[in-house]
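As the structure lists them, so they are numbered: ligands from 1, and atoms in each ligand from 1.
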Amino acid sequence: MPATAGDLRRMQRDLDAAAQALRDAATILVISHIDADGISAGAIADITAERLGKEHTVRFEKKIAEETVEMINSSTEDVVWICDLGSGYLSEFDRDGIVVTDHHVPDPRWRKKQTVLDSFMGIRHLNPHMYGMDGSYEICGAGMTYLLSKAVDPANIDLAYLAVVGAVGDFQDSGHSALVSLNRTVMADAQANGDLVVDQDLRFFGRETRAINQYLQFSSDPQIPGLSDNAAACLQFLDRVGIRGKEGGRWRCWDDLTRDEKERATEAILDMMPEGDRERAFGEMYRFPNEPEGTGLRDAKEFATVLNSCGRYEDADTGLRICRGDMTALKDAERNRAEHRKHISSAMMYIRDNHLLRERRFIQWFDAGSEIKETVVGIVAGMILSSGECSRNIPIIAFADSDDGTKVSARADRSLVDRGLDLSRIMKTASELVGGYGGGHTVAAGATIPPDKKEEFLDIVEDLVSSQVE
Ligand code: C5P
Ligand code: ZN
């Protein structure tokens, strides 16, 4: 769904009006999501408010739960600026002075009752879905937040690269092996400011920090046949293509390779793959040349993972400090990253070893109970789906215990979305039918439901999936 010139003009008008609302406010409360996109968005909003000289605070939230709605409605700040959250819950807000820069699928109830009068209620809703675009890949929460920041002051162009981190953190580059649409406008700003370099490269994770043998061994989505998960074969491969793994006693990483070595290795790797996987394995990668070397912050995927490993372990503030360039936060981030790695790999093992993945006709699902954190279960579900160990033809639904019920995460292959699947709508409808709440994107969504309703919930989800997908 390409945006028309009219859509983009309307969006710019709305951005300018929201920018004015921020300038007019004496106090601003920024609320943002705890994932990589949310932390980047929160950092952009934080710096924007700071540069405006406003008294402001930043809070990170896992989701818009009932308490969050109450907190927003009763806050005393002139403006509550909600980033990478909020669109799915607009009809719950009953105060003036709300600015939302989000990309989740908007609340259908709010859309329906939206009239000319409602626009006086003071919700300034900036979301690509309102302008003919798809928020799951055309622009992210940090991207919308950045566009508002730039409408406040064009000098904020130095924050554009943070929106690239957000987009990559939300996997917006995965469908085309490159960012597209409005994300490219953001990219162009980051490039013009000298903060972003675009490489054509293999798209595996860890090109800056992983030892090259591990970079190959842990390659996934797509896998390299013969190399993925096979440590010995990776060493032999390096030998075969004449690349030294170590230099001066230290392992080299993918980015330490000379151009010539990289080309040789890339060609050999792509040759080992089935034709259909090559387009996913090779494409654009985003580099931030101004970040310090060896920190894992020079590559967008690695930067996003650092933020995710902070936010999902109740330490979003460390992620915020990193986005603000405070390198003393790196030590805390490293601790979070180690914990994240450990948790993810034990979570994957737990699901595999206990054969927890169950297949139904139109969905597959697992219940992690209290073994996987509710903030991470979605990442694990996504990894299982792309691991090649299960069917990509049906969505995956995962449960994990949470303080206020059972957390649900749902993920699907994009080809199912092309065939009509909308997980956001399914999570919203099915969770509300069992007394919960939910939303998200077409390809990735979530919900919270009462713990004794899982079976009923799965039945409803399965019905909805079968009726949506042709
Ligand atoms: O938590 P998880 O990673 O599975 O969430 C997937 C997407 O669904 C996220 O973008 C999240 O914001 C959204 N979501 C939501 N409402 C919920 C839970 C998740 O909109 N109750
Ligand atoms: Zn997001």
Side-chain angles (χ1 to χ4, degrees), residues 31-42 44 60-69 82-90 92 100-108 127-129 134-146 162-173 183 304 307-308 311-312 344 365-366 368 372-385 395-400 402-412 422-432 434-450 457:
I31 295 180
S32 197
H33 195 204
I34 51 128
D35 69 2
D37 185 27
I39 295 176
S40 317
I44 293 170
F60 290 99
E61 298 287 339
K62 271 188 222 164
K63 56 194 171 192
I64 302 277
E66 223 169 280
E67 306 84 75
T68 330
V69 172
I82 311 173
C83 310
D84 192 37
L85 277 176
S87 290
Y89 302 86
L90 291 176
E92 320 262 329
V100 175
T101 44
D102 189 9
H103 66 133
H104 289 90
V105 176
D107 182 350
N127 182 310
H129 294 274
D134 183 334
S136 72
Y137 69 96
E138 294 186 78
I139 188 140
C140 62
M144 286 312 287
T145 306
Y146 166 69
L162 289 172
V164 174
V165 176
V168 170
D170 269 1
F171 299 103
Q172 299 210 321
D173 57 336
N183 274 321
L307 298 185
N308 263 324
R312 294 176 191 267
I344 296 269
W365 65 279
F366 67 84
I372 303 181
K373 280 167 97 64
E374 60 151 319
T375 47
V376 179
V377 72
I379 295 186
V380 174
M383 288 174 81
I384 292 179
L385 194 62
I396 185 166
I397 312 291
F399 295 121
S402 88
D403 326 333
D404 58 345
T406 292
K407 165 71 197 298
V408 187
S409 279
R411 299 288 187 274
D422 178 352
L423 286 178
S424 165
R425 228 168 68 215
I426 291 178
M427 284 299 113
K428 192 163 187 83
T429 309
S431 62
E432 287 176 3
V434 299
Y437 57 92
H441 307 289
T442 47
V443 283
T448 299
I449 60 168
F457 177 79

Undergrad: Looking at the Zn ion (ligand 2), is one of the N, O or S atoms of D35 less than 2.8 Å from it?
TA: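 Given the 2.8 Å cut-off, D35 does not count as a ligand of the Zn ion (ligand 2).
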Undergrad: Identify the two heavy atoms, one from G42 and one from S32, that lie closest to each other, and give their separation to 0.1 Å.
TA: N-OG, 3.5 Å
Undergrad: Can you report which non-hydrogen protein atom sits closest to atom 14 (N) of ligand 1, along with the distance?
TA: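 Ranking protein heavy atoms by distance from atom 14 (N) of ligand 1, first comes G439 O, 3.4 Å.
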Undergrad: Give me the residue, atom name and distance of the protein heavy atom closest to atom 3 (O) of ligand 1.
TA: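 Looking at atom 3 (O) of ligand 1, the protein heavy atom closest to it is R411 NH2, 2.7 Å.
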Undergrad: Answer yes if the ring centres of H103 and H441 are under 6.0 angstrom apart, and no otherwise.
TA: yes
Undergrad: Just one of T375, D404, T68 clears the side chain to side chain donor-acceptor pair (under 3.5 Å) bar with K63, so which one?
TA: D404
Undergrad: Applying a 4.0 Å heavy-atom criterion (strictly less than), which segment of E374 is in contact with ligand 1: side chain, backbone, both, or neither?
TA: neither
Undergrad: Check if K62 has a non-hydrogen atom at a distance under 4.0 Å from any atom of ligand 1.
TA: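 In this structure, K62 fails to qualify as a contact of ligand 1 - no heavy atom is under 4.0 Å.
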Undergrad: With backbone taken as N, CA, C and O and side chain as the heavy atoms from C-beta onward, which portion of A447 lies under 4.0 Å from ligand 1: side chain, backbone, both, or neither?
TA: backbone
Undergrad: Do any of the N, O or S atoms of H104 sit under 2.8 Å from the Zn ion (ligand 2)?
TA: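 Within the cut-off used here (under 2.8 Å), H104 places no N, O or S atom near the Zn ion (ligand 2).
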Undergrad: Is it true that some N/O/S atom of D102, main chain or side chain, lies under 2.8 Å from the Zn ion (ligand 2)?
TA: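 Coordinating: no.
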Undergrad: For the residue pair V100 and N127, establish whether any side-chain heavy-atom pair is separated by less than 4.5 Å.
TA: no
Undergrad: For H103, what is the atom name of its N, O or S atom nearest to the Zn ion (ligand 2)?
TA: NE2
Undergrad: At their closest point, which heavy atom of Y437 faces which heavy atom of I64, and how far apart are they?
TA: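 Scanning both residues completely, I find the closest heavy atoms to be CE1-O, 3.9 Å.
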Undergrad: Have a look at H104, K428, K407 and point out the one with the heavy atom closest to atom 12 (O) of ligand 1.
TA: H104
Undergrad: Among all protein heavy atoms in this structure, tell me which lies nearest to atom 18 (C) of ligand 1, with the distance rounded to 0.1 Å.
TA: G446 C, 3.3 Å
Undergrad: Which residue owns the protein heavy atom closest to atom 16 (N) of ligand 1, what's the atom, and how far is it?
TA: Y89 OH, 2.9 Å
Undergrad: Considering only the protein, which heavy-atom contact is closest to atom 4 (O) of ligand 1, and what is its distance?
TA: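 Here the nearest protein heavy atom works out to S409 OG, 2.5 Å.
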Undergrad: Does M427 approach ligand 1 within less than 4.0 angstrom via side chain, backbone, both or neither, non-hydrogen atoms only?
TA: neither
